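Report on one structure; see the data block that follows.
Every value quoted in this text rests on a predicted model; they were computed, and no experiment measured them. Chain naming here is simple, since letters A, B, ... match the order of the sequence lines and numbering starts at 1 in each.
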Number of protein chains: 2
Amino acid sequence: MSALREKILNTATDLFQTRGINSTGVDTIVAVAGTTKMTLYKHFHTKEGLILEVLNKSQQDFQNWLDDKLNSNSKAPADKIKQLFDFIEEWVTSPSFLGMGFIKASAEFPNEENPIHQLSSKQSLEFRQYISKLASEANIKDADGLALQLSLLFEGAVQAEQMNRGSGAIKYAKKAAKLLIDGATHH
Amino acid sequence: MSALREKILNTATDLFQTRGINSTGVDTIVAVAGTTKMTLYKHFHTKEGLILEVLNKSQQDFQNWLDDKLNSNSKAPADKIKQLFDFIEEWVTSPSFLGMGFIKASAEFPNEENPIHQLSSKQSLEFRQYISKLASEANIKDADGLALQLSLLFEGAVQAEQMNRGSGAIKYAKKAAKLLIDGATHH
DNA sequence: ACCACTCTATACCGCTCTGTATATATCTAT
DNA sequence: ATAGATATATACAGAGCGGTATAGAGTGGT
């Protein structure tokens, strides 16, 4: 894969997060990435195509990182879901964290028929399903219900963190998650 | 207060929610509102000024509606906080609900020095403080902590509803809220 | 040495954006 | 009836947007 393509992708990811998607022009992206529009448009057919690829890559990076963490730190399914918010906290409080792409994108493209909105919605659903799988492996009866609740806490905490960097909201989300998980677990 | 001014404000509120703020031009607003740019710019000095007023009015409408509901339905503080998510559900599932302004606005203007972002952040904080007041009146010890958790659930549920209209996420947020409130209450 | 390919540089098109200038119309208060 | 405020209609300026055209520079393989 082309190094320039990667560079454009990473630059766009940063700029979209820090300045907004609609507010970031293609000219700005290529200027910061140190290339030209011709090169960008050879790798990505339209700006919308670039946005979709940025969203996909961002979500893949997050999901892969999280999955690795969960699998390397513990094998027991009951432990995995309990550790979920520990790793989410690590991700969200990392200095390189600038926000979750699909959350911001869905706000900037509120029309449900817009491809960017649809991808955001799909990613949100997929993450929820990932949590649900963790929950059902931990033998929790209403796995989907718990997963939905945890995803609300997650998205709320990310939202709070995007609004006020270093707000510490994630710490309280973690506590709430623990309570919800305990409440949903068979005793 | 001018009727046209009101009309512009309401039209802008709708369009910002359904099409996004940056994607909604001033020309579109005046065309839908049935007036002209000259009139708009006599009432609002800049588009940013209009956005700020839209955000303020939206939040005031929500807060006033919620406060009225809570005060008319019950006087006991312990009941008020328990009913909080019942009314939030009523608000969010109403057909006229199109999203929360400050959540979308903070995503479209991620820079923390941007006035629109700052107002969004302030409104989020004020709503959290409102919940905290409910909690402390209900004699809950860690009122701020519970308020933060409930606000995360709220913002997460709104986020989910904005992504998928009629997702039913708010029902699960309500259940989670009940569990958190019970857990934080003295027995 | 030459070809094919990728990247650069720069200029441009057509459109949309915010905001303003100008001139006209409508309405109300005295 | 007339003055003053308010709204309309329309045109325009200046900038930025996404996307393309064209021509040339660098680089690797054969």
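- Dashed line: the shortest gap from a side-chain N or O of A/Thr35 to OP1 or OP2 of C/dT8 is under 4.0 Å.
- Taking atom OH on A/Tyr41 and atom P on C/dT10, their separation rounds to 19 Å, with Å as the unit.
- Across the protein-nucleic acid pair, A/Ile8 atom CD1 and C/dT6 atom C1' stand 12 Å apart, rounded to whole Å.
- Between the CZ atom of A/Phe44 and the P atom of D/dG19 there is a distance of 13 Å, rounded to whole Å.
- Partner of B/Lys57 under the side chain to side chain contact (heavy atoms under 4.5 Å, CB included) criterion, out of B/Asn10, B/Leu52, B/Thr13: B/Asn10 alone.
- Nucleotide D/dG18 holds its C1' atom 17 Å from the NZ atom of A/Lys42, rounded to whole Å.
- For A/Lys37, counting side-chain heavy atoms from C-beta on, the closest listed nucleotide (D/dA7, C/dA9, D/dG18) is D/dG18.
- A donor atom on one side chain and an acceptor atom on the other are found under 3.5 Å apart for B/Lys80 and B/Asn71.
- Rounded to an integer number of Å, the gap from B/Asn22 CG to C/dT16 P is 17 Å.
- To the nearest angstrom, C1' of C/dC5 lies 14 Å from CE of A/Met38.
- A straight line from NE2 of B/His43 to C1' of D/dA7 spans 9 Å, rounded to a whole angstrom.
- Picking from C/dT8, D/dT8, D/dG18 the nucleotide with the shortest atom distance to the side chain of B/Thr39 gives D/dT8.
- Atom CD in A/Glu48 sits roughly 14 Å away from atom C1' in D/dG19 (whole-Å rounding).
- Not a single donor-acceptor contact under 3.5 angstrom links the side-chain atoms of A/Lys47 to the base of D/dG18.
- The distance from atom OG of B/Ser106 to atom CD of B/Glu155, rounded to the nearest 0.5 Å, is 8.0 Å.
- For B/Leu4, counting side-chain heavy atoms from C-beta on, the closest listed nucleotide (C/dT18, C/dT22, D/dA7) is D/dA7.
- Between A/His45 and D/dG19 there is no side-chain N or O to OP1 or OP2 distance below 4.0 Å.
- Across the interface with DNA chain D, nearest-nucleotide mapping of B/Thr36 and A/Gly25 shows B/Thr36 to be the residue nearer the 5′ end.
- Dashed line: the shortest gap from a side-chain N or O of B/Ser23 to OP1 or OP2 of C/dT16 is not under 4.0 Å.
- Using a 4.0 Å heavy-atom criterion, one finds that A/Thr28 contacts no nucleic acid atom at all.
- Salt bridge absent: A/Glu108 and A/Lys104 never bring a charged side-chain N and a carboxylate O closer than 4.0 Å.
- In this structure a side-chain-to-backbone donor-acceptor pair under 3.5 Å is present from A/His117 to A/Phe109.
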